[in-house]
Enquirer: 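If you scroll down you'll find the structure; I have some questions about it.
Computed over heavy atoms, backbone and side chain alike; hydrogens, waters and symmetry mates excluded.
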Amino acid sequence: MTTMTDTSNAARFREFKMPDVGEGLTEAEILKWYVQPGDTVTDGQVVCEVETAKAAVELPIPFDGVVHELRFPEGTTVDVGQVIIAVDVAPGSGPAAAEPEAPAPAPEAEAPKGRQPVLVGYGVAESSTKRRARKGAETAPPAAAPAAVQAELNGQGTAAVPEARPLAKPPVRKLAKDLGIDLATVTPTGVGGVITREDVHAAATPSEPVAPSAPSVAPVVAEPEVPVQQGARETRIPVKGVRKAIAQAMVGSAFTAPHVTEFVTVDVTRTMKLVAELKEDKDMAGVRVNPLLVIAKALLVAIKRNPGVNAVWDEANQEIVQKHYVNLGIAAATPRGLIVPNIKDAHDQTLPQLAASLGELVATARDGKTSPAAMAGGTVTITNVGVFGVDTGTPILNPGESAILAVGAIKLQPWVHKGKLKPRQVTTLALSFDHRLIDGELGSKFLADIAAVLEQPKRLITWA
């Protein structure tokens, strides 16, 4: 690449590097570009969507200008610190002598006023790492600027300014993408001309789906969509992104923490009656009430009675780290794979607050916008395999945690109640725990307390 000698052009170009979008990740795959060379971009505008080992994240650009070059095509895995897009920040200042070699990104303090970073680790230090293209894919050359833009850069004319990008929040853009709706054709009704979810739904044809379905709250990973050739006897699916992280985490957890799993079958008829009553309670208006809400509250009560469960083994320091807070993880299966976002400080939340937090967690996962920060720092997890009609399972611990509760399907079964055989709502709970710090007595008491609360929900009050 030619080194630029004209210092007047050096200030003209800005380059945006792949940021560390969370928890020290080293790479991300570019899923989709939302801009092309010649497009006008503004500070804070989302320019691309990338997938890390934890989540899909949309990247906003921190300055204004006209896109000069996209350095990598869609489907390429890029190391953190690599330049992914070059922007001409002074398109009207005359021709450019040459393309900049690699001008350093402007310091954080020089960012335009009003900029609000929305990513974890925004503004990473320069890296000497090189791009690594995804396995099995040819590395396409960088996209070239259209003729009109090249003419401007060569002093031969002025490029036409593209039309303004429709205003919409990232979840709304994702919805429009899933429905195949061009936002430019949607009439906005939101404040300031912002396109809302309702606007996108209104633009969808009756034959199209109304919205992406909510993710199942369970540790099941959806297979990526891979075209199958007619008559093929096998299909190979690249292991990358979220699925790759899941595999590494599960193997690491299974072979570093000695797992023990215990089971209990419990009559939850009274819990189901409580759920029905809560749905009619005016204090719970506007939030979703389901059995998972009561189960989560029962687990929090059981942790209060058995705090030793809410801890983790520190191998490096040979210590047991006792947590005095509960970040409650909820395993969710999404189209991109398993994620385990958690509710921060769930132990301090009232039942209505916990219901609202669960609803927000599911809605965010449904839109594919769960942030890496939302999946960090969990202390204990619930996985609901019952939504698939499964009675129970032996869940593997989420890395960094020492207990995970699997909830089976709630079914009407014959049960001896008050000395008589009656049909009752019954489920099976399974608790896996790290036997290095949770012995059989502690694990059994914890699981028995959860079951006791679900059998007699009034213990939510008497034990709280």
Enquirer: Might you point out which heavy atoms bring I30 and P73 nearest each other, and give the distance in Å?
Expert: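 So the minimum-distance heavy-atom pair works out to CB-O, 4.2 Å.
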Enquirer: Got a donor-acceptor contact below 3.5 angstrom from the N342 side chain to the A376 backbone?
Expert: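 Indeed, once roles are kept as given, a pair shorter than 3.5 Å links the two residues.
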Enquirer: Is K445 atom NZ crowded by more than 12 heavy atoms from other residues, nucleotides or ligands, each under 6.0 Å away?
Expert: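 Not buried by this count: 12 neighbours or fewer within 6.0 Å.
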Enquirer: In Å and rounded to the nearest 0.5 Å, what is the CG to CD1 distance from N384 to I330?
Expert: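 Going from CG on N384 over to CD1 on I330, the span is 9.0 Å.
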Enquirer: Got Q322 and H324 here, is their nearest side-chain heavy-atom distance under 4.5 Å?
Expert: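 Yes, side chains in contact.
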Enquirer: For I410 and V426: C-alpha separation, side-chain torsions, deciding distance, then whether side chain to side chain contact (heavy atoms under 4.5 Å, CB included) applies.
Expert: CA-CA 5 Å; I410 299 175; V426 176; over 6 Å; no
Enquirer: Counting N and O atoms only, with roles assigned by atom type, does the side chain of S371 sit under 3.5 Å from a partner on the main chain of A374, one being a donor and the other an acceptor?
Expert: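 Side chain of S371 to backbone of A374, a donor-acceptor pair under 3.5 Å: yes, one is there.
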Enquirer: Under a plain distance cut-off of 3.5 Å, with no hydrogens placed, do Y34 and E58 share a side-chain donor-acceptor pair?
Expert: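 Short answer, yes.
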Enquirer: When you measure from the side chain of T185 to the backbone N and O of D182, does any donor-acceptor pair fall under 3.5 Å?
Expert: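 Confirmed, T185 side chain pairs with D182 backbone.
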Enquirer: Does I404 reach the side chain of I382, with side-chain heavy atoms less than 4.5 Å apart?
Expert: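 A side-chain contact is absent here, since even the closest heavy-atom pair is not under 4.5 Å.
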Enquirer: Distance from E262 atom CD to T394 atom OG1, nearest 0.5 Å?
Expert: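 Separation between the atoms: 13.5 Å.
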Enquirer: Can you list, pair by pair, the side-chain donor-acceptor contacts under 3.5 Å of residues 457-464, counting residues two or more places apart and other chains?
Expert:
residue	atom	partner	partner atom	Å
R459	NH1	A452	O	2.9

Enquirer: A430 and G393: which non-hydrogen atoms are nearest, and at how many Å?
Expert: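 The answer is CB-O, 3.1 Å.
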Enquirer: Any heavy-atom pair between the side chains of L429 and L405 that's under 4.5 Å?
Expert: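 L405 vs L429: side chains touch.
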Enquirer: For residues 297-316, run the donor-acceptor check on the side chains, cut-off 3.5 Å, and write out each pair with its distance to 0.1 Å, sequence neighbours left out.
Expert:
residue	atom	partner	partner atom	Å
K297	NZ	Q349	O	2.8
R305	NE	D449	OD2	3.1
N306	ND2	A302	O	2.9
N306	ND2	D449	OD2	2.9
N310	OD1	T379	OG1	3.0
N310	ND2	K323	O	3.1
N310	ND2	Y325	O	2.6
W313	NE1	E315	OE1	2.8
D314	OD1	A316	N	3.2
D314	OD1	N317	N	3.2
D314	OD2	N317	ND2	2.8
E315	OE2	Q318	NE2	3.2

Enquirer: For T428, run the side chain to side chain donor-acceptor pair (under 3.5 Å) check against T392, T265, D391 and tell me which one passes.
Expert: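 The residue from T392, T265, D391 that satisfies side chain to side chain donor-acceptor pair (under 3.5 Å) with T428 turns out to be T265.
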Enquirer: Would you call E69-R71 a salt bridge at under 4.0 Å N-O?
Expert: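 R71 and E69: salt-bridged.
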Enquirer: Any idea which heavy atoms bring I195 and P188 closest together, and the distance?
Expert: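 Smallest heavy-atom distance, with atoms named: CG1-CB, 3.8 Å.
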Enquirer: Does T350 offer a backbone N or O that forms a donor-acceptor pair with the side chain of Q353 under 3.5 Å?
Expert: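 The answer is yes, because a donor-acceptor pair under 3.5 Å joins these two groups.
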Enquirer: Considering residues at least two apart in sequence or located in another chain, which fulfil the ring pair (Phe, Tyr, Trp, His ring centres under 6.0 Å) criterion with F446?
Expert: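 In terms of ring pair (Phe, Tyr, Trp, His ring centres under 6.0 Å), with neighbours along the sequence ignored, F446 is linked to no residue.
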Enquirer: So among V289, V287, N290, which one has a side chain to side chain contact (heavy atoms under 4.5 Å, CB included) with L278?
Expert: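 Per the side chain to side chain contact (heavy atoms under 4.5 Å, CB included) rule, the option paired with L278 is V289, out of V289, V287, N290.
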Enquirer: For D39 and Q36, which I'm curious about, is there any donor-acceptor pair between the side chains at under 3.5 Å?
Expert: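 No.
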Enquirer: Quick one: pull up CZ in F433 and CG in L447 and give me the separation to the nearest 0.5 Å.
Expert: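 It comes to 8.5 Å.
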Enquirer: So, do V35 and V46 sit near enough that their side-chain heavy atoms are less than 4.5 Å apart?
Expert: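 Heavy-atom side-chain distance check fails, nothing below 4.5 Å.
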Enquirer: Between T76 and E29, is a side-chain hydrogen bond (donor to acceptor under 3.5 Å, both in side chains) present by the stated rule, with each step listed?
Expert: CA-CA 5 Å; T76 303; E29 178 186 354; over 6 Å; no
Enquirer: Would you list the atom pairs, donor with acceptor, under 3.5 Å between side chains in residues 415-424 and any protein atom, with sequence neighbours excluded?
Expert:
residue	atom	partner	partner atom	Å
R424	NE	D267	OD2	2.8
R424	NE	T269	OG1	3.3
R424	NH2	D267	OD2	3.2

Enquirer: Using the test side-chain hydrogen bond (donor to acceptor under 3.5 Å, both in side chains), find all partners of S432 that sit at least two apart in sequence or belong to another chain.
Expert: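 Counting only residues at least two positions away or on another chain, S432 forms a side-chain hydrogen bond (donor to acceptor under 3.5 Å, both in side chains) with T261.
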Enquirer: Under 3.5 Å, side chain of H259 to main-chain N/O of I396, donor-acceptor pair present?
Expert: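 Not confirmed, H259 side chain does not pair with I396 backbone.
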Enquirer: I'd like to know whether CD of Q456 has more than 12 heavy-atom contacts from other residues, nucleotides or ligands below 6.0 angstrom.
Expert: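 Yes - once you tally the heavy atoms of other residues, nucleotides and ligands closer than 6.0 Å, there are more than 12.
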Enquirer: Has the side chain of T427 got a donor or acceptor atom that lies under 3.5 Å from a matching backbone atom of G408?
Expert: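 A pair under 3.5 Å: yes.
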Enquirer: Which atom names give the shortest non-hydrogen contact between L70 and V67, and what distance separates them?
Expert: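 L70 and V67 have their closest heavy atoms at CD2-CG1, 3.9 Å.
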Enquirer: Under 4.5 Å between any side-chain heavy atoms of Q425 and L412, yes or no?
Expert: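 Yes, their side chains come closer than 4.5 Å.
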Enquirer: Can you tell if the side chain of L358 reaches within under 4.5 Å of the side chain of I343, non-hydrogen atoms only?
Expert: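 Yes, side chains in contact.
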Enquirer: Please determine whether side chain to side chain contact (heavy atoms under 4.5 Å, CB included) holds for the pair V340 and M375, giving the CA-CA distance in whole Å, both sets of side-chain angles, and the decisive distance to 0.1 Å.
Expert: CA-CA 6 Å; V340 188; M375 293 182 280; 5.8 Å; no
Enquirer: Which heavy atom of T42 sits nearest a heavy atom of I61, and at what distance?
Expert: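 Nearest heavy atoms, T42 then I61: O-CG2, 3.6 Å.
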Enquirer: Is there a side-chain contact between F16 and I84 (heavy atoms, below 4.5 Å)?
Expert: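 Side chain of F16 against side chain of I84, heavy atoms only: contact under 4.5 Å found.
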Enquirer: If we ignore hydrogens and angles and just use 3.5 Å, is the side chain of T77 paired with the main-chain N or O of A28 as donor and acceptor?
Expert: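 Not at all, since once roles are kept as given, no pair shorter than 3.5 Å links the two residues.
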Enquirer: For the backbone of V87 and the side chain of E15, can you confirm whether one donor and one acceptor N or O come within less than 3.5 Å of each other?
Expert: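 Judged by distance alone, no pair lies under 3.5 Å.
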Enquirer: I'd like to check P341 versus T364 (side-chain heavy atoms, cut-off strictly below 4.5 Å). Are they in contact?
Expert: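 Not touching, per the 4.5 Å side-chain cut-off.
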Enquirer: So, the side chain of E280 versus the backbone of E277: is there a donor-acceptor pair under 3.5 Å, distance only?
Expert: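 Pair absent, no side-chain N/O of E280 close to backbone of E277.
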Enquirer: Does the side chain to side chain contact (heavy atoms under 4.5 Å, CB included) test come out yes or no for L293 and M284, once each step is laid out?
Expert: CA-CA 12 Å; L293 170 62; M284 302 296 289; 3.9 Å; yes
Enquirer: W33 vs C48, test: side chain to side chain contact (heavy atoms under 4.5 Å, CB included). Steps then yes/no.
Expert: CA-CA 4 Å; W33 282 109; C48 68; 3.5 Å; yes
Enquirer: Using 0.5 Å steps for rounding, measure from the CD1 atom of I450 to the CD1 atom of I295.
Expert: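 CD1 of I295 is found 9.5 Å from CD1 of I450.
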Enquirer: Scan residues 376-390 for pairs that pass salt bridge (Lys or Arg N to Asp or Glu O under 4.0 Å), counting only residues two or more places apart or in two chains.
Expert: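 Listed once each, the pairs would be none.
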Enquirer: Looking at H347 and V326, would you say the former's side chain and the latter's main chain have a donor-acceptor pair under 3.5 Å?
Expert: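 Side chain of H347 to backbone of V326, a donor-acceptor pair under 3.5 Å: yes, one is there.
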Enquirer: If you measure from the Lys or Arg side-chain nitrogens to the Asp or Glu carboxylate oxygens, is any gap between K369 and D367 under 4.0 Å?
Expert: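 Not counted as a salt bridge, because no side-chain N and carboxylate O are separated by less than 4.0 Å.
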Enquirer: Looking at every non-hydrogen atom in both residues, tell me the closest pair between A403 and V380 and how far apart they are.
Expert: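 Taking every non-hydrogen atom into account, O-CG2, 3.4 Å.
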